[in-house]
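Heads up: numbering here begins at 1 and tracks the sequence. Keep in mind it's a predicted model, so treat the numbers as computed, not measured. All values below come from the heavy atoms of this structure, side chains included, with hydrogens, waters and symmetry mates left out.
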Amino acid sequence: MKTESESVKRRVWLGSVAAVGAAVAGTMALARRNPMAGAAMKAEAPVPDSSPNSGYQLTEHVKQYYATARI
């Protein structure tokens with residue numbers, strides 16, 4: 001049988017999860033209502049590097065990692 005403290009802990013945890021979910025939902029709703037907030041979020045997004053050297057590169061470090069990760 002579960003003790004009363006376990007039930008209280010579970011209720012507190014579920015309450016905090018519900019509060020976080022409500023905060024996220026409220027933030028999303030406000031962002032949808034305010035077009036300037038959405039534009040500000042998009043403007044702050046980092047611009048990806050389009051140089052030919054950007055992205056995945058097979059370096060010595062990566063080769064060593066793959067060599068040690070083999071089974």
*State yes or no: do Trp13 and Val20 share one hydrophobic cluster built from I, L, V, M, F, W and Y residues joined by side-chain heavy-atom distances below 4.5 Å, directly or via other members?*
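They do not share one cluster, since no chain of ILVMFWY contacts under 4.5 Å joins Trp13 to Val20.
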*Decide yes or no for Thr59 and Val62: does some side-chain heavy atom of the first lie under 4.5 Å from some side-chain heavy atom of the second?*
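In short, these two side chains touch, coming nearer than 4.5 Å.
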*Output every pair passing salt bridge (Lys or Arg N to Asp or Glu O under 4.0 Å) with a member in residues 59-68, not counting sequence neighbours, ordered by first then second residue.*
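Qualifying pairs, neighbours excluded: Glu60-Lys63.
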